[in-house]
Every structure is written in C-alpha cells, then in structure tokens.
Amino acid sequence: MKHTYRLIVEGNSEEDAIWIPAFELAGVEDGPNLLILAGVHGDEYEGIETILRLFSALRLEDLRGNLLMIPCANPYAYRGGTRVSPDDGVNLARAFPGKQMGTVTEKLAYELHHRMIAKADFLLDLHSGGTHYAVASLVGYYHEEGSAFSHRCREAAEAFGALLLWAHDEIAPGRTVSSAQALGIPWLYTEAYGGRRVRQEDARMFYDGIFRLMNHLEMLDDPLEWPVGKPVIERKTIYSDGNFDHSATAEEDGFFVPAISLESEVRQGDLIGTIYGLDGSERQRVTAGSDGFLVMILGIPVVRKGDPVYLLASEMNG
Ligand SMILES: [Zn+2]
C-alpha cells in the first residue's frame, strides 16, 4: 500500500479545520514503523524536498515495515513561511505533546503526537536553519552514558552518516523528540544550513542519510540498490542541550557582520561578529561567552535587540 492521506486537525471553528498530507508506504514484509517529519518549522524546506523525493523513488517491494512521512507537519507556519505558526504565535517544536483543547498549534501537536509519534518505532525529524539561522549540517541525538536507549540513538546517528553529530544530554520539553523519548521511542533529528534555499549538499545528506538509517533499521529489501554504503571519514561529535532558545542574543539593533564562519572553533572572548549602525558606528562587539564550536550563527544581517546571534557547543571525544 503506497498512498497519501490527510490527517484532519480541527481548528477553532469548522472553517479552520486543517488537512495535513501524510505519505504511507506499507512494505510487503514486516518491519519497524519509521516516522519521518518535515516542516515542523514552516520555513525549513530541506526535509520537505527530501520526503517528496523519497515518496517518488520508493516502491513497496523495496521496504520491510512501514514508512510514514509527513512532508509538512505545520501547514500554518508553512503557509506563513515562518518558524512559528502565525495564527497563534506558537512554536510547534515547543508545543508537544500538545493540547486537545488548546490553540491551533497545540491541537496540531496533540494530533501528531497521538496519531503519529505514539505509533512509531523510530522518529526522524528533519529541521534546518530556516529564515533566521545558519546552522551546521548535522544529526542530533540523545546522549546518556550507560543508557541502552541512548546507545540505540547513537548507533542510528552514526548510521545516518552525517559528518557532524550533536549529542544532547538534555532535551527541552515540547519537542517532537522529547515527546518520542517520553514514550521510549528512539529518535534523531537533522539540522542543515537553511536560508530558505535547499543546498544540494544538504539535500543529499538528508536523502542518503535516510536510506542509511532505513538500512540500519533493516527496512530495505535490497540495500545495495540505494545509497547506503558511503563511508564517513573523520566524524565529529559536539555536545550541549541544543536549544536555540539558549542562544546568545543581540544587545542592540543593527547590521550584523560575522567575523568567523560556521563550524569554527572559538575561545572565550573571541570576536563572533560586530553589530553596526548604518551610520557606521560600532554598536556591539559580539564575543564568545565560552570556548566552543560554532554550531549556529545569525543568518540574516539585519538584527534586533534580543534576536539570537550565535550558539556554541562543546566538542567531545569519540
Ligand atoms: Zn526547525
């Protein structure tokens, strides 16, 4: 069975009812249920493109188990081309497991949690930098020494084949992945450069990574038919809670000129960039608050006081 259907989320009135496209491929042999989400943030397009390509490429006889893909998990934000839903100002990635009687986005989270995530054996949530952030291309996973659950997430992260892995020992509540974790469902998510344009290298990383993940989960009938075998050379792991809400923020309005590039290693006090006024004045020298690896930097030069400017993670061995 390869079909599309629509998950209905009731809005606050009949006219608000919203339809979410879902692609389901029920393989001819038994296997795990893999759920892939994209478009949780409505201005991140890499995952949407990846799911459309996957749905076009895959045939049922290729699969063991079930592949369920939601190309656009937040139609409100997608419609607005925004990170959060313009209808209620809620960030879907902070709204899980949702509220049955909440705002439209909280209802959306409730439906996705109960009808999609809760039935999965593995969750992959595809994100990127979107409009505002430039983010290193990576996969994020749950890290806890000695935990069998964490081990399953790490193995899947390695299988995905990204050059950069982001280990999180803490997961902010309200995310798809924290929802999955509360149910004991292993998960991964991706990040990529963003900027409302899909870079070919990011599209390739997502697409190939999903085949490698499916191969790892033993979901491919004939793995050699797919891009599963590319070796990863010099993988790097970084470490922090991964919450963009904890980014260093601008103290002034202005025009941000970065001094270093994404994925740089910095020392505390190093210059990250300068916020200028259009009169040429230097309004703020943004410096590193600690040593670390630059995993996110502001992607749009026009900055307002309070906007996230950068996020550092620590490097770890292994
Ligand atoms: Zn996102």
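Ligands are counted one by one from 1 in listed order, and the atoms in each one are counted from 1 as well.
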For this session: Answer yes or no: does atom CZ of Arg152 have more than 12 heavy-atom neighbours from other residues, nucleotides or ligands under 6.0 Å?
Result: no

Problem set entry | Side-chain ion pair, Glu144 and Arg154, N-O less than 4.0 Å | no

Seminar exercise, completed: Here the N/O/S atom of His127 closest to the Zn ion (ligand 1) would be ND1

For this session: State the atom name: nearest N, O or S atom of His41 to the Zn ion (ligand 1).
Result: ND1

Exercise. Is the distance from the Zn ion (ligand 1) to some N, O or S atom of Glu191 under 2.8 Å?
Worked result: no

Exercise. Does the pair Arg267/Asp291 count as a salt bridge with the N-to-O cut at 4.0 Å?
Worked result: yes

Exercise. If you measure from the Lys or Arg side-chain nitrogens to the Asp or Glu carboxylate oxygens, is any gap between Lys236 and Glu315 under 4.0 Å?
Worked result: yes

